[in-house]
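Working notes, beginning with the structure itself.
Below, each value reflects all heavy atoms present in this structure, side chains not excepted, and no hydrogens, waters or symmetry copies.
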Amino acid sequence: QVQLVESGGGLVQPGGSLRLSCAASGSLFRINDMGWYRQAPGKQRELVALITRGGSINYADSVKGRFTISRDNAKNTLILQMNSLKPEDTAVYYCNADVQYWNTYNLNRSNYWGQGTQVTVSS
C-alpha cells in the first residue's frame with residue numbers, strides 16, 4: 001500500500017541537467033533512509049546517493065560534485081539534481097525508501113522501490 005512514484009527522466013546532451021523526483025504515498029508513518037540507485041544495461045545496480053531522515057548524505061565517487069540529493073520530509077519527496085551529465089550516467093534510475101507504514105491496525109516496516117525512470121545522456 002506504499003508506492004514510490006518517479007518523474008523527471010529523459011534524454012539530454014552531455015553537459016546537460018535533469019532533476020529526478022520521487023514521491024512516496026500511502027499509509028505512511030515514517031520514512032527513514034532514502035536513496036537513488038541506477039542500473040545500466042549489462043551491469044549491476046549501484047548506489048548513486050543516499051540520504052538519511054536527518055540529512056546525512058553519501059554519494060558514489062562517480063557523481064560527487066555533479067549530483068545533489070535532497071528530501072522534503074513534510075512532502076515525502078526525494079530529489080536528485082543531476083548536472084554536468086556524462087554518457088556514463090546513462091541508466092535506469094530507481095528510487096528506494098525504508099518505510100514504516102500502517103497495515104490495518106499494525107505498524108510495519110519494509111523497503112520499497114520505485115518503478116525506475118530512464119536517463120539517457122547522448123549527443
Side-chain angles (χ1 to χ4, degrees):
Q1 293 183 334
V2 176
Q3 187 173 18
L4 306 180
V5 180
E6 302 175 359
S7 61
L11 173 65
V12 297
Q13 294 183 342
S17 298
L18 283 175
R19 194 181 98 129
L20 305 184
S21 298
C22 173
S25 62
S27 300
L28 301 174
F29 175 76
R30 178 175 179 171
I31 303 177
N32 301 308
D33 293 356
M34 302 186 77
W36 288 99
Y37 295 73
R38 68 185 182 187
Q39 187 167 18
K43 297 184 179 180
Q44 295 184 346
R45 188 173 300 184
E46 64 176 353
L47 175 68
V48 176
L50 184 143
I51 183 169
T52 69
R53 181 174 179 83
S56 181
I57 295 172
N58 279 316
Y59 292 103
D61 289 341
S62 59
V63 306
K64 287 181 179 178
R66 300 187 298 119
F67 291 9
T68 302
I69 189 172
S70 61
R71 63 190 288 172
D72 186 335
N73 292 335
K75 298 181 179 179
N76 295 323
T77 300
L78 179 70
I79 302 295
L80 184 67
Q81 178 65 47
M82 304 186 294
N83 299 323
S84 302
L85 284 163
K86 304 176 180 180
E88 306 93 274
D89 297 317
T90 297
V92 178
Y93 283 70
Y94 297 91
C95 175
N96 178 267
D98 178 11
V99 182
Q100 292 173 278
Y101 63 96
W102 289 105
N103 184 1
T104 311
Y105 306 110
N106 301 314
L107 184 63
N108 294 343
R109 180 175 179 176
S110 293
N111 185 266
Y112 285 88
W113 290 93
Q115 77 284 356
T117 184
Q118 177 70 50
V119 172
T120 302
V121 185
S122 177
S123 60

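Taking 4.5 Å as the limit, every side-chain heavy atom of Q3 sits out of range of all side-chain heavy atoms of Q115. Looking at W113 and R45, their side chains come closer than 4.5 Å, going by heavy atoms from C-beta outward. Annotation: side chain of E6 is in contact with side chain of W36 (closest heavy-atom distance under 4.5 Å).
Between G9 and V119 the shortest heavy-atom distance is CA-CG2, 4.3 Å. For R38 against D89, the heavy-atom pair with the smallest separation is NH1-OD1, 3.0 Å. Of all heavy-atom pairs spanning I31 and A97, the tightest one is CG2-CB, 4.1 Å. Minimum interatomic distance between R71 and N32 (heavy atoms only, all atoms of both residues): NH1-O, 2.7 Å.
The hydrophobic side chain of Y105 is isolated, with no ILVMFWY side chain under 4.5 Å apart from it.
L47 and I57 fall into different hydrophobic clusters, where Ile, Leu, Val, Met, Phe, Trp and Tyr side chains are chained together by heavy-atom contacts under 4.5 Å. Linking Ile, Leu, Val, Met, Phe, Trp and Tyr whenever their side-chain heavy atoms come within less than 4.5 Å puts L78 and Y112 in one cluster. Note on F29: it does not cluster hydrophobically with V2, by side-chain heavy-atom contacts below 4.5 Å among ILVMFWY residues.
Taking SG of C95 as the start and CD1 of I79 as the end, the distance is 9.5 Å to the nearest 0.5 Å. Atom CD of residue Q118 and atom OH of residue Y93 lie 9.5 Å apart, to the nearest 0.5 angstrom. If you take CD1 on I69 and CD on Q81, they are separated by 12.5 Å, rounding to the nearest 0.5 Å. Between the CZ atom in R30 and the CG atom in N73 there is a gap of 9.0 Å [rounded to 0.5 Å]. To the nearest 0.5 Å, the span separating CG on D98 from CG on L50 amounts to 10.0 Å. To the nearest 0.5 Å, the span separating OH on Y37 from CG on N96 amounts to 5.0 Å.
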Could you pull out every donor-acceptor pair under 3.5 Å between side chains of residues 11-24 and any protein atom, sequence neighbours left out?
| from | atom 1 | to | atom 2 | distance (Å) |
| --- | --- | --- | --- | --- |
| S17 | OG | N83 | OD1 | 2.9 |

Intermediate values then yes/no, side-chain contact (heavy atoms from CB on, under 4.5 Å), Y59 and T68: CA-CA 9 Å; Y59 292 103; T68 302; 3.8 Å; yes
Intermediate values then yes/no, side-chain contact (heavy atoms from CB on, under 4.5 Å), V121 and K86: CA-CA 6 Å; V121 185; K86 304 176 180 180; 5.5 Å; no
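Checking side-chain atoms of Y94 against main-chain N and O of Q39 turns up no donor-acceptor pair under 3.5 Å.
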